[in-house]
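Keep in mind it's a predicted model, so treat the numbers as computed, not measured. The sequence lines fix the lettering, A, B, ..., with proteins before strands; numbering per chain opens at 1.
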2 protein chains.
Amino acid sequence: MVQSKTELFDKELAEKAMLFKALAHPARLRILQFLAETRSCMTGDICEVLPLSRTTVNQHLKELKEPGLIKGEIDGVKTNYCLNSEKINNLKDMLGGFLSEIDCCSDNNC
Amino acid sequence: MVQSKTELFDKELAEKAMLFKALAHPARLRILQFLAETRSCMTGDICEVLPLSRTTVNQHLKELKEPGLIKGEIDGVKTNYCLNSEKINNLKDMLGGFLSEIDCCSDNNC
DNA sequence: ATTTTGTGACGTATATTTGCGTCATAGAAT
DNA sequence: ATTCTATGACGCAAATATACGTCACAAAAT
């Protein structure tokens, strides 16, 4: 692509797409699940659950942190990660809204 | 990446990630919106709504067709696209399920 | 003081996505 | 028969994502 055209779209749509993108990899979904299961959430612990190197896991964590879905708190040497419930709830509303907007009437057949 | 490790994850998670990926671009979200608004849904019509070339739009359509979110019916020269309500509803359930699984208790703070 | 442990930052290689132009095809209109 | 319209298939270039190794750093343990 000569240029990324993402900014030519509606701002809200772009934002929603960004959130979907954050969820578009099984590793990131697994991380969210894991963080929901256990609140003790060191980076190292997360790595042990995933079939990926620490480096890669770290990168996925960054991608979840960027849209604010998770938070990272430095605790001495360690960093504790956890879900950002507020954002997750926003996400839930947003996605639900979009999907019901899309499929208001279920007779959308050709 | 030396290798795509997507297949090392839970099959269900991978499937969910695939669906999220299909929704991870504003153009594709816009297409879904547009198809919900109007059922007359020729490729050409869709192109006029998007700031992208017909070639690119076609590709996005393909990406929506693959997971079955939309259907394409050949009508003479034209192809009519429309939402696949059944799949959209599946999607809605799946996402809702995942999100409530993630955020069962809203006291997930560090 | 040195080692260990847990991290993040940086660079690199490969894979995939995005965007587009061009071509071929098939039906409709002239 | 030729032109026009609508479409899909193919291939290319640039941008991003994915995965990893290596390095540096800071606190804790030895």
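For the contact set between residues 8-25 of chain B and DNA chain D, defined by any heavy atom under 4.0 Å, there are no members.
The NZ atom of B:K78 sits 8.0 Å away from the CG atom of B:N80 when rounded to the nearest 0.5 Å. Note that the CE atom of B:M94 and the CZ atom of B:F98 stand 11.0 Å from one another [nearest 0.5 Å]. Note that CG of A:L69 and CG of A:L64 are 6.0 Å apart. Values are rounded to the nearest 0.5 Å. A distance of 6.5 Å separates CD in A:E73 from SG in A:C82, rounded to the nearest 0.5 Å.
In the set D:dC20, D:dT18, C:dT18, the nucleotide with an atom closest to the side chain of B:Q59 is C:dT18. You'll find that the side chain of B:K62 is closest to D:dA9, out of D:dA9, D:dA19, C:dT18. The side chain of A:S53 approaches D:dG21 more closely than any other nucleotide in the set D:dT7, C:dT7, D:dG21.
Among all heavy-atom pairs drawn from B:I102 and A:A36, the shortest one is O-CB, 3.0 Å.
Residues passing the side-chain hydrogen bond (donor to acceptor under 3.5 Å, both in side chains) test with A:T43: none are found, sequence neighbours excluded. Residues satisfying the side-chain hydrogen bond (donor to acceptor under 3.5 Å, both in side chains) criterion with A:T79, sequence neighbours excluded, are absent altogether.
The side chain of B:T79 contributes no N or O atom lying less than 4.0 Å from OP1 or OP2 of D:dA6. Distances shorter than 4.0 Å separate some side-chain N or O of B:K5 from OP1 or OP2 on D:dC20. Using a 4.0 Å cut-off, some side-chain N or O of A:T56 falls inside it from OP1 or OP2 of D:dC20. Proximity of B:H60 to the phosphate of C:dT17: no side-chain N or O atom is located under 4.0 Å from OP1 or OP2. Within the structure, every side-chain polar atom (N or O) of A:T43 is placed at least 4.0 Å from both OP1 and OP2 of C:dG6.
In this structure, A:N89 and A:E86 have side chains that are not in contact, with every pair of non-hydrogen atoms separated by 4.5 Å or more. Under the 4.5 Å side-chain criterion, counting only non-hydrogen atoms from C-beta, A:I46 is in contact with A:L35.
Summary of helix geometry: the two end axes of the helix from C:dA1-D:dT30 to C:dT30-D:dA1, each defined by five base pairs via their C1' atoms, are inclined to each other by 0° (rounded to 10°).
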Contact string for nucleotides 22-30 of chain C, one letter per nucleotide 5' to 3', B = base within protein heavy-atom range under 4.0 Å, S = sugar-phosphate only, - = neither, reads B----SS--

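For the pair A:D45 CG and C:dG6 P, the computed distance is 9 Å after rounding to whole Å. Atom-to-atom, CE of B:M42 to P of D:dA6 comes out at 5 Å; the value is rounded to the nearest Å. Distance CG (A:N58) to P (D:dA19): 14 Å, rounded to an integer number of Å. Regarding B:I74, its CD1 atom lies at a distance of 11 Å from the P atom of D:dT7, rounded to whole Å. Atom P of nucleotide C:dG8 and atom CG of A:L64 are separated by 13 Å, given to the nearest angstrom. Going from atom CG of A:D75 over to atom P of C:dG8 covers 12 Å, rounded to whole Å. Residue A:I46 contributes atom CD1, which lies 20 Å from atom P of C:dT5 at whole-angstrom precision. Atom CD in B:E73 sits about 17 Å away from atom C1' in D:dA6, given to the nearest Å.
Here the side chain of B:S100 pairs a donor or acceptor atom with the backbone of B:G96 at under 3.5 angstrom.
Between A:R28 and B:L61, it is B:L61 whose nearest contact on DNA chain D lies nearer the 5' terminus.
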Output a table of donor-acceptor pairs, distance under 3.5 Å, between side-chain atoms of residues 11-32 of chain B and any protein atom two or more places apart or on a different chain; print 'none' if there are none.
unit_1 : atom_1 : unit_2 : atom_2 : d
B:H25  : ND1    : B:A27  : N      : 3.0
B:R28  : NE     : B:A22  : O      : 2.7
B:R28  : NH1    : B:H60  : ND1    : 3.0
B:R28  : NH1    : B:E63  : OE2    : 3.2
B:R28  : NH2    : B:K21  : O      : 3.2
B:R30  : NH1    : B:Q33  : OE1    : 3.3

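Residue A:R54 forms a side-chain contact (heavy atoms from CB on, under 4.5 Å) with just one option from A:V57, A:N58, A:L50, and that option is A:N58.
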